[in-house]
2 protein chains.
Amino acid sequence: MTAELWLTQLHENGYRLTDARRAVVETVEKSTRALTPVEVYDLARRKYRALGLVTVYRTLEKLEELHLIQRVHQPQGCQAFISAGQGHQHLLLCKNCGQVAFFDGDDLDALTRAIARKSGYQITEHWLQLFGLCADCRTQ
Amino acid sequence: MTAELWLTQLHENGYRLTDARRAVVETVEKSTRALTPVEVYDLARRKYRALGLVTVYRTLEKLEELHLIQRVHQPQGCQAFISAGQGHQHLLLCKNCGQVAFFDGDDLDALTRAIARKSGYQITEHWLQLFGLCADCRTQ
DNA sequence: CTGGTATTGAAAATCATTTTCAATTAGTAT
DNA sequence: ATACTAATTGAAAATGATTTTCAATACCAG
Ligand SMILES: [Mn+2]
Ligand SMILES: [Mn+2]
Ligand SMILES: [Zn+2]
Ligand SMILES: [Zn+2]
């Protein structure tokens with residue numbers, strides 16, 4: 001998924017393409033760690049100096065709505081966003097540097113069915129997130 | 001786990017027992033759904049009218065530090081707290097009424113090892129949360 | 001091009017949380 | 001019981017994050 005594709009998505013959904021949006025999109029799309037609105041602001045302003053923080057918020061909102069980014073929940077806070085994975089995926093976060101990796105292939109069907117039976121709940125969704133140290137942080 | 005036990009825990013950790021704390025503890029301990037600070041404030045003020053919202057924040061902070069409560073992350077927000085389960089447990093949340101149930105018995109070892117091998121990460125923790133409809137909300 | 005409207009950034013407003021502070025009070029030592 | 005003292009309190013102010021308002025600007029369909 002490239003920044004151009006995100007811009008196309010925005011355009012196809014009736015949103016205009018502006019320098020502000022391009023700067024935000026390019027910044028968020030290429031990041032391999034979750035960024036807060038202020039972090040996006042600081043980075044994106046290198047591409048487009050006049051950018052306002054309000055526009056960052058507004059653009060992140062639209063990208064989330066189009067499922068191009070997703071909010072990342074962490075013990076330290078839940079304001080950061082990362083480029084969303086393809087299809088059903090989960091996050092693996094480095095507790096040291098914040099690096100984000102995606103994974104899939106989790107099979108929770110058996111567990112889900114067992115819990116549903118015991119609890120009486122009808123289970124429709126799950127959140128799974130792994131934490132640890134990335135290869136780089138592990139060696140250093 | 002009863003409210004009395006929580007108060008004992010607080011006392012044993014050097015915290016004084018006050019009417020304000022008793023009201024907060026009794027409110028949070030008996031709730032089966034996650035409560036935000038303001039919700040705790042509103043409910044606890046029925047027991048202790050003079051309670052201040054600041055004290056709710058301060059008490060929740062201490063209860064979290066003693067692992068008696070835990071923060072609940074949800075799509076709508078991450079400011080709510082629920083009584084913490086015993087040992088390693090996970091949450092099952094009703095999307096309709098907010099009812100919280102705990103479960104354990106999840107076995108993610110195989111998955112964790114597979115992801116660790118593929119990704120190069122050293123995995124130390126996991127978050128797992130199930131969402132659905134509780135028995136009550138399912139029938140109604 | 002041009003016009004209509006979406007988008008912009010600045011400033012103000014709102015909302016959640018934290019800090020400050022003087023008064024009160026729990027718990028211990030007399 | 002009483003006195004002492006540090007922890008605790010709630011109100012108010014401060015902070016920080018996010019949202020709203022608004023007049024100026026700029027995208028883009030025609
Ligand atoms: Mn999954
Ligand atoms: Mn587990
Ligand atoms: Zn790392
Ligand atoms: Zn329910």
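Proteins get letters first, then strands, A, B, ... in listed order; numbering begins at 1 in each.
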| According to a 4.5 Å side-chain heavy-atom criterion applied to Ile, Leu, Val, Met, Phe, Trp and Tyr, with indirect links allowed, do B:Val40 and B:Leu66 form part of one hydrophobic cluster? | yes
| request: Could you tell me which residues satisfy side chain to side chain contact (heavy atoms under 4.5 Å, CB included) with B:Asn96, sequence neighbours excluded, listed by chain and number? | output: B:Cys94, B:Leu133, B:Cys137
| query | Just one of A:Arg138, A:Gln99, A:Lys95 clears the side chain to side chain contact (heavy atoms under 4.5 Å, CB included) bar with B:Tyr121, so which one? | reply | A:Gln99
| remark: Between the CH2 atom in A:Trp6 and the CZ atom in A:Arg22, the distance rounded to the nearest 0.5 Å is 15.5 Å
| Verify same cluster id: B:Leu60, B:Tyr41 (apolar side-chain graph, 4.5 Å) | yes
| request: Round to a whole Å and report the spacing from CG of A:Leu17 to C1' of C:dT8. | output: 15 Å
| task | Measure the distance from CG on A:Leu60 to P on C:dT8 and round it to the nearest whole Å. | result | 12 Å
| remark: From CG of A:Asp19 across to C1' of C:dT7 the rounded distance in Å is 12 Å
| request: Look at all strands and tell whether B:Tyr48 reaches a base, only sugar-phosphate, or nothing, counting heavy atoms closer than 4.0 Å. | output: sugar-phosphate
| For nucleotides 1-8 of chain D, read 5' to 3', which letter fits each nucleotide if B means a protein heavy atom sits under 4.0 Å from the base, S means only the sugar-phosphate is that close, and - means neither? | -----BBS
| query | Is there side-chain contact between A:Val56 and A:Thr27, with heavy atoms separated by less than 4.5 Å? | reply | no
| query | If you round to the nearest 0.5 Å, how far is NE2 of A:His126 from CG of A:Leu128? | reply | 6.5 Å
| Can you give one letter per nucleotide of nucleotides 15-21 of chain C, 5' to 3': B if a protein heavy atom sits under 4.0 Å from the base, S if only from the sugar-phosphate, - if neither? | -SSBBB-
| task | Write down the distance between CG (A:Leu63) and C1' (C:dT7), rounded to a whole number of angstrom. | result | 15 Å
| said: To check you understand the geometry: which heavy-atom pair defines the closest contact between B:Phe102 and B:Ala84, and what is its length? | reply: CZ-C, 4.0 Å
| Rounded to the Å, how far apart are A:Tyr41 OH and C:dT8 C1'? | 13 Å
| task | Report yes if a side-chain nitrogen or oxygen of A:His11 is closer than 4.0 Å to either non-bridging phosphate oxygen (OP1 or OP2) of D:dC28; otherwise report no. | result | yes
| Parallel, tilted or perpendicular: rings of A:His73 and A:Trp127 (30°, 60°) | tilted
| message | Expressed as a whole number of angstroms, how long is the span from B:Glu12:CD to C:dA26:C1'? | response | 17 Å
